[in-house]
Amino acid sequence: MDRGKKKGGKKSEASGSKRRGENTAAPPKNVKFEGNTKEEIEDNEALEFEDPFPDDVEPEEEVAFQDDDEDGMEVESGYKTVDAPILFNDEENEEPVRVETWYPGQETTDHLEMNNDAYVMYHTLSVEWPCLSFDIIPDPLGDERKQFPHTAYVVMGTQTDSGKYNQLLVSKFSSLHKTQHDDEESEEDDDEVEENAILEHRHLKHPGNVNRVRIMPQAPYITATWSENGTVFLWDIMAFVEALDVPPLGSIGPLEPIKSITLHQQEGYALAWSPVNPGRLLAGSCNAQISLTEMTNASFSTDPNLFHGHIESVEDLQWSPTEGTVFASCSVDKTIKIWDSRTRKPALSFVAADCDVNVISWNKNVAYLLASGAEDGVADIWDLRSLKPKVKCTSLQKFAFHKDQITSIEWDPNDDSVIALAGGDDQVTIWDLSVEPDPDALESTSLDVPHQLLFVHQGQTEIKEIHWHPQIPGVLISTASDGFNVFQPDISE
């Protein structure tokens, strides 16, 4: 996987589609897009996956897609009907300019401008140095938040040109107001007032570039970082988080790591905390090794016995959301492996792509669904119940929309059928597995837009990582070489 800086995207809506379980299909809306120019499970009882959900999916509303970016595009759902091109006069040259709707997958060399109607909320935030990995810090502001303006707490790690002067930034994004649409008049309600977002941070010195950063979910002040120098560091950032809201009486730095894991002989990128067992941390390195660190009482200890199974770099790791000893790994060796941490050999290994498998994401609400993203830009959804060792496995669903490597993938924690992808083609896409094609609508259009594609977001350069905010439904944060985007697509009907 190319570990260079990140890129980012556009948005789109899947017209001519309906949710599973719907008896009738509503006619799709027009879609508008705005954005930048596009360019072995063996018989092991511990590894049985049960379907906790019935086969029927509850009907959901039809989805529309839109996108917004400084250099991005906007897309509205549906392609049954398309707005005709509009002519207007350029104020400077007084020459007519043709405005057309852009659709996902459409080649263009023209400048794409964003339509902010595609977003409920859209903000850009800049940092001095690229922060190509970050994690969202759980906060006490409540779950399922819908009231604007929003606030988010984020920890991020820098990557400087020289590798020196790197920092771990404990940050607060505030004044995340609702986006004021171009065709709306200003309102008095504070929810409708659009202001610039505010980025505040406290920083601590970090040895080397930060390859990956992850927060322990049960103790959100304990942070793990993978350094380019081959060491995994554990930090207690509580004082830094608290200082974002209550200024300290004195200095709170410098801070030393509470644990340094030096067992790996090379740097790595894979890092994962267990959502079931507090304090269990996996780290995977570029020399195909996986280590396990556990919390005992108030300290951490790392098992000297490494997990061996991959023959090339371990790119990503994910714990099972329900099984405390089960985890998955993916690698440059093209395979995904399922492990039981009580042994040192994979229980299941299968070839998941014809190239590097870069990232994986385990569905937190449907424990038998695992998603992967590969170097060729293809993402796959795997049903772990149907996989068999030593045979060619077929994915449940395949998304071959991105034109470059998949750099990040994550299931929506608030909607078990929705997943977001980021690619090296400077796009973030959102997909809904519960959407089925509507034959009547598809017959009325020649546009080849995937029916499960909800949204395409563009406007960033070299997008490397995306995360859904677990406490603010529908909100995504993406990081790239040119900063952060915080956005909520308008995918309402």
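Computed from heavy atoms alone, side chains included, the values below leave out hydrogens, waters and symmetry copies.
- In this structure, Asn297 places its CG atom where only 12 or fewer heavy-atom neighbours from other residues, nucleotides or ligands lie under 6.0 Å away.
- Summarising the geometry, atom CG belonging to Leu199 is positioned 5.5 Å from atom CG belonging to Leu125; distances are rounded to the nearest 0.5 Å.
- Ile466 CD1 to Leu476 CG: the interatomic distance, rounded to the nearest 0.5 Å, is 6.0 Å.
- Atom CG of Leu317 is separated from atom CG of Leu282 by 5.5 Å, given to the nearest 0.5 angstrom.
- A side-chain N or O of Gln397 and one of Gln452 form a donor-acceptor pair less than 3.5 Å apart.
- Pro220 and Pro138 get closest at one heavy-atom pair: CB-CD, 3.5 Å.
- Counting heavy atoms from C-beta on, the side chains of Val475 and Val486 come closer than 4.5 Å.
- Between Phe134 and Phe484, the distance from one ring center to the other falls under 6.0 angstrom.
- Here the closest heavy-atom approach between residue Ser361 and residue Ile409 is recorded as CB-O, 3.6 Å.
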Worked check of side-chain contact (heavy atoms from CB on, under 4.5 Å) between Tyr269 and Val314: CA-CA 8 Å; Tyr269 294 84; Val314 177; over 6 Å; no
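- When side chains are defined from C-beta on, Val241 counts as touching Ile137, because their heavy atoms get closer than 4.5 Å.
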Residues Ser329, Lys337; criterion side chain to side chain donor-acceptor pair (under 3.5 Å); working and verdict: CA-CA 5 Å; Ser329 61; Lys337 301 183 188 299; over 6 Å; no
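- Between Asn358 and Asp316, the shortest heavy-atom distance links the atoms O-CB, 3.7 Å.
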Verdict with supporting geometry, Ser320 and Trp362, side chain to side chain donor-acceptor pair (under 3.5 Å): CA-CA 7 Å; Ser320 163; Trp362 207 317; 4.9 Å; no
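- At a cut-off of 3.5 Å, with distance as the only test, no side-chain donor of Thr158 or His206 sits close to an acceptor on the other residue.
- Residues Ile336 and Cys330 approach most closely at CG1-CB, 4.1 Å, considering heavy atoms.
- Within the 4.5 Å cutoff, the side chain of Val154 has no heavy atoms near those of the Asp135 side chain.
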Leu204 vs Trp235, side-chain contact (heavy atoms from CB on, under 4.5 Å): CA-CA, chis, key distance, verdict: CA-CA 10 Å; Leu204 58 98; Trp235 310 84; 3.6 Å; yes
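- Note: Trp431 and Phe401 have perpendicular aromatic rings, judged against thresholds of 30 and 60 degrees for the angle between ring planes.
- The distance from the OG1 atom of Thr325 to the CZ atom of Arg280 is 7.0 Å, given to the nearest 0.5 Å.
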Test log, rule side-chain contact (heavy atoms from CB on, under 4.5 Å), inputs Val232 and Thr225: CA-CA 6 Å; Val232 176; Thr225 60; over 6 Å; no
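- A salt bridge between Lys334 and Glu315 is absent, with no side-chain N of the basic residue lying under 4.0 Å from a carboxylate O of the acidic one.
- Between the side chain of Asn365 and the backbone N or O of Pro413, at least one donor-acceptor pair lies under 3.5 Å.
- Applying the 6.0 Å contact sphere to NE2 of His203 captures no more than 12 heavy atoms from other residues, nucleotides or ligands.
- No donor-acceptor pair closer than 3.5 Å links the side chain of Asp416 to the backbone N or O of Val418.
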Side chain to side chain donor-acceptor pair (under 3.5 Å) between His467 and Glu410, intermediate numbers included: CA-CA 7 Å; His467 292 298; Glu410 188 167 283; 2.7 Å; yes
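- Nearest heavy atoms, Pro489 versus Ile430: CG-CD1, 3.6 Å.
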Step-by-step salt bridge (Lys or Arg N to Asp or Glu O under 4.0 Å) determination, Lys403 to Asp376: CA-CA 8 Å; Lys403 306 304 181 185; Asp376 59 2; over 6 Å; no
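- Between the Asp482 side chain and the Gln460 main chain, no donor and acceptor come within less than 3.5 Å of each other.
- No side-chain heavy atom of Trp468 sits less than 4.5 Å from a side-chain heavy atom of Asn414.
- With Trp319 contributing its side chain and Val326 its backbone, the two residues share no donor-acceptor pair below 3.5 Å.
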side-chain contact (heavy atoms from CB on, under 4.5 Å) between Ser395 and Ile381, worked out: CA-CA 6 Å; Ser395 61; Ile381 309 298; 5.8 Å; no
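- Judged purely by distance below 3.5 Å, without hydrogens or angles, the side chains of His201 and Ser171 never pair a donor atom with an acceptor atom.
- Note that the OG atom of Ser285 and the CG atom of Leu263 stand 9.0 Å from one another [nearest 0.5 Å].
- A side-chain donor-acceptor contact under 3.5 Å links Ser331 to the backbone of Ser313.
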Worked verdict on Ser341 versus Trp339 for side chain to side chain donor-acceptor pair (under 3.5 Å): CA-CA 6 Å; Ser341 63; Trp339 308 72; over 6 Å; no
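- When only modelled atom types and interatomic distance are considered, Asn485 and Ser478 share no side-chain donor-acceptor pair under 3.5 Å.
- Atom NZ of Lys172 has more than 12 neighbouring heavy atoms from other residues, nucleotides or ligands inside a 6.0 Å radius.
- Taking CD1 of Ile338 as the start and CG of Leu387 as the end, the distance is 7.5 Å to the nearest 0.5 Å.
- Between the side chain of Gln159 and the main chain of Val210, a donor-acceptor pair closer than 3.5 Å is present.
- When only modelled atom types and interatomic distance are considered, Asp415 and Ser417 share a side-chain donor-acceptor pair under 3.5 Å.
- With hydrogens and angles disregarded, no donor-acceptor distance shorter than 3.5 Å links the side chain of Asp303 to the backbone of Leu292.
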Worked verdict on Glu465 versus Arg214 for salt bridge (Lys or Arg N to Asp or Glu O under 4.0 Å): CA-CA 12 Å; Glu465 201 163 281; Arg214 290 292 181 263; 3.2 Å; yes
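- Here the side chain of Gln471 pairs no donor or acceptor atom with the backbone of Glu144 at under 3.5 angstrom.
- Put simply, the side chain of Val378 reaches to within 4.5 Å of the side chain of Lys398, judged on heavy atoms.
- Aromatic rings from His123 and Phe487 are positioned such that their centres are separated by 6.0 Å or more.
- Between Tyr153 and Phe173, the ring centre distance reaches or exceeds 6.0 Å.
- Of the possible polar contacts, none joining the Ser126 side chain to the Gly483 backbone as a donor-acceptor pair under 3.5 Å is found.
- Asn211 and Glu228 are not linked by any side-chain donor-acceptor pair at a separation below 3.5 angstrom, with hydrogens and angles left out of the test.
- Contact check for Ile136 versus Ile477: side-chain heavy atoms found under the 4.5 Å cut-off.
- With contacts defined as side-chain heavy-atom distances shorter than 4.5 Å, the pair Met295/Pro278 qualifies.
- Taking every heavy atom of both residues into account, Thr407 and Gly423 meet most closely at OG1-N, 3.9 Å.
- Looking only at side-chain heavy atoms (C-beta outward), His264 and Ser291 come within less than 4.5 Å of each other.
- Of the possible polar contacts, one joining the Arg145 side chain to the Thr151 backbone as a donor-acceptor pair under 3.5 Å is found.
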